[in-house]
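Worksheet for the structure shown next.
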Amino acid sequence: MPSRGRSVLRRLAARGTVMAVGAGMAVTAGLAAAPEVRASPAATGPLRWAPCDDPAKPGAECATLSVPVDWTHPEGPKFDLAVARRKATDPGARVDSMVFGPGGPGDSGVQMVVGNVGRFSPEVRRRFDIVSFDPRGVGRSNPVTCSSGLLAERPSPELKSQAGFDATLAYNKRLRADCRARTGPVFDHLDTAQTVRDVDALRVALGERKLTFHGSSYGTLLGAQYAETYPRRVRAMVLESVIDHSVAATGDFLRAEAASAEDSFREFVKWCDGTADCALHGRDVRAVWQALLTRAGRGELEDPAKPGSPLSSPDLVNKVAFRKFYEADHAGLATAIARMHAGRPLPASPTSTAPLPPAAPVFCSDWHLPVRDHRTYASLVAMMNRTAPDLPYLLPIHMVAACLGAPTANPQHRLDARGVPPILVSNALHDPATGYPWAVSVARQLGRSGVLLTYEGHGHGSVTSGPCMENAVDSYLTDLTLPPRGTSCPALDPVNAAGSPPRRLP
């Protein structure tokens, strides 16, 4: 592991002191892969739960946890981390709390617990208090706040010249200064290494001796770095749709992301060619799609999120196609393409997936993806377009553009989690955002502790994709029973959604 990345984790961990917290339990640990870490006196006292303020979705409880703005100075300024839980539906069978690490970056764990607890299996809801939080800078946890007018001026990622590149650098600098002034000191401490300490403070406040954790998408980076920092404090950990934070080079990162997205497009075309119910069945799907991209480039398509405004080709890729790949909604994508091809606008939809706060500040804090100049940027775009010829200007290049000139507090490094118990790594074979090779890589970095569970289907997310996946994950979380190494679960058959038993990968 590069010393720069590892030193961030060590520096954060080493500043803590011994303290009896929560239910009066002294927290100590002898760590194999990191210095001994103690609970900070900055995170003390039990959580005071009260019903959340959503009467339409009763049953969830909310609280706040006071944590330091900067864990390297635990006695300094603090802010309130918003937390939510739903208690186990069968208290007599309760195992402990399971902390969910939300994705994004920028997703609200509080909203997940309050409004979308069905994302978890019935067995997990029965056996665990499901707990999550709004990560620092998100939702109710000192949210990143920026000028709406300045955000509206954000340059397109389609940088045409060195002058455009320089203008983006200057814009990013202005935006960071504006967001910092409006957000406060938390803005400079949004990286995942800081959030790792927030999670450990939450574990202590919950009264749990060890952490049971489920991280999804960007939450897998949080889980992996928690395991690295506190390997002896992990009871069980599921990493679902896995981020590989060891990918160091900008080109390697973008190539991997483009390859995963293009794989999903190819799978969509294959499905449409072989499925009579596809709205584009019998047609040249790629030709229809390329024609739409051309029309979008001429400003002839309407943005479903902003009626009356044109839908750009990058937004066609990211708002329409990429979003459907996330959901593994091939039928929905085919219908949308057919509708636009016929000249009919799409129904109104949520806002863009483009990198708005806090997604960009968090991402930029965790990823060092330098681009020297416009020539280098143009070569990266060309490489992505060769890798994903059907999906120009994918979201990852937007993120790289948004991070030009930004400092990185928690740069990429290989995992070093020696001493951690077995961790279940779960990924779809055809995930558009966190490609399967990343899951294989992370499982290997975990060594004997990494157990890879493969869902042979599509989409971003996998743990409840049919009984095979669900049962394997449930058994691990509740009883610490791991599936055999090499286990895979077949893609759900739309005719026979019950799936079939697990099998071993060769």
Side-chain angles (χ1 to χ4, degrees), residues 103 116 118-119 216-217 240-241 259-296 301-305 307 311 313-353 388-392 394-395 427-436 454-470 489-500:
N116 193 25
R119 186 229 195 278
S216 179
S217 189
E240 174 194 19
S241 297
S260 298
E262 182 68 15
D263 170 71
S264 288
F265 190 90
R266 287 195 300 266
E267 287 291 302
F268 163 66
V269 172
K270 183 168 68 174
W271 173 85
C272 208
D273 287 345
T275 305
D277 290 339
C278 172
L280 299 170
H281 184 68
R283 304 172 71 176
D284 186 335
V285 176
R286 276 198 169 85
V288 172
W289 175 250
Q290 288 293 337
L292 280 184
L293 286 171
T294 300
R295 288 170 58 190
L301 300 180
E302 183 176 86
D303 189 336
L311 181 73
S313 52
D315 281 345
L316 175 63
V317 168
N318 294 297
K319 286 184 180 180
V320 180
F322 201 62
R323 180 174 289 165
K324 293 296 185 183
F325 295 151
Y326 256 61
E327 302 164 359
D329 185 7
H330 290 172
L333 177 56
T335 299
I337 292 173
R339 181 171 181 145
M340 288 186 290
H341 188 69
R344 298 163 56 206
L346 295 179
S349 72
T351 55
S352 170
T353 57
D390 297 294
L391 302 167
L394 279 161
L395 187 59
N427 219 88
L429 199 57
H430 303 288
D431 188 311
T434 57
Y436 186 72
T454 302
Y455 173 56
E456 295 175 357
H458 307 80
H460 191 55
S462 57
V463 300
T464 54
S465 297
C468 172
M469 292 294 295
E470 194 168 293
C489 291
L492 290 181
D493 182 341
V495 178
N496 176 22
S500 43

Indicate yes or no: at least one non-hydrogen side-chain atom of [X] is less than 4.5 angstrom from one of [Y].
| X | Y | value |
| --- | --- | --- |
| Leu391 | Phe322 | no |
| Phe265 | Arg286 | yes |
| Arg119 | Val463 | yes |
| Asp431 | Tyr455 | no |
| Glu302 | Leu346 | no |
| Ser260 | Thr434 | no |
| Ser462 | Glu240 | yes |

For this session: Might you confirm whether atom CG of Asp277 has over 12 heavy atoms from other residues, nucleotides or ligands at distances under 6.0 Å?
Result: no
Over all atoms of both residues, closest heavy-atom pair of [X] and [Y]:
| X | Y | result |
| --- | --- | --- |
| Val317 | Pro392 | CG2-O, 3.5 Å |
| Ala336 | Val320 | CB-CG1, 4.3 Å |
| Leu492 | Gly466 | CD2-CA, 3.6 Å |
| Gly461 | Ser465 | O-OG, 4.0 Å |
| Cys272 | Ala334 | SG-CB, 4.4 Å |

Give, for atom [atom1] of [X] and atom [atom2] of [Y], the distance between the pair rounded to the nearest 0.5 Å.
| X | Y | atom1 | atom2 | answer |
| --- | --- | --- | --- | --- |
| Ile337 | Cys278 | CD1 | SG | 8.0 Å |
| Leu333 | Arg323 | CG | CZ | 12.5 Å |
| His460 | Asn427 | NE2 | CG | 8.5 Å |
| Trp289 | Leu316 | CH2 | CG | 3.5 Å |

Exercise. Would you find a donor on one side and an acceptor on the other, under 3.5 Å apart, between the side chain of Asp315 and the backbone of Leu311?
Worked result: no
For this session: Examine distances only and state if a side-chain atom of His458 and a backbone atom of His430 form a donor-acceptor pair shorter than 3.5 Å.
Result: no
Exercise. Under the salt bridge (Lys or Arg N to Asp or Glu O under 4.0 Å) test, which residues partner Glu267, sequence neighbours left out?
Worked result: Lys270
For this session: Please name all residues satisfying side chain to side chain contact (heavy atoms under 4.5 Å, CB included) with Ala291, sequence neighbours left out, ordered by chain then number.
Result: none
For this session: Might you work through the side chain to side chain contact (heavy atoms under 4.5 Å, CB included) test for Asp390 and Leu293, ending with a clear yes or no?
Result: CA-CA 9 Å; Asp390 297 294; Leu293 286 171; 5.9 Å; no
Problem set entry | Audit row: His341, Arg283, side chain to side chain contact (heavy atoms under 4.5 Å, CB included) steps and yes/no | CA-CA 12 Å; His341 188 69; Arg283 304 172 71 176; 3.0 Å; yes
Exercise. Got a sec, which pairs hit side chain to side chain donor-acceptor pair (under 3.5 Å) with one end in residues 325-336, sequence neighbours left out?
Worked result: Lys324-Asp329
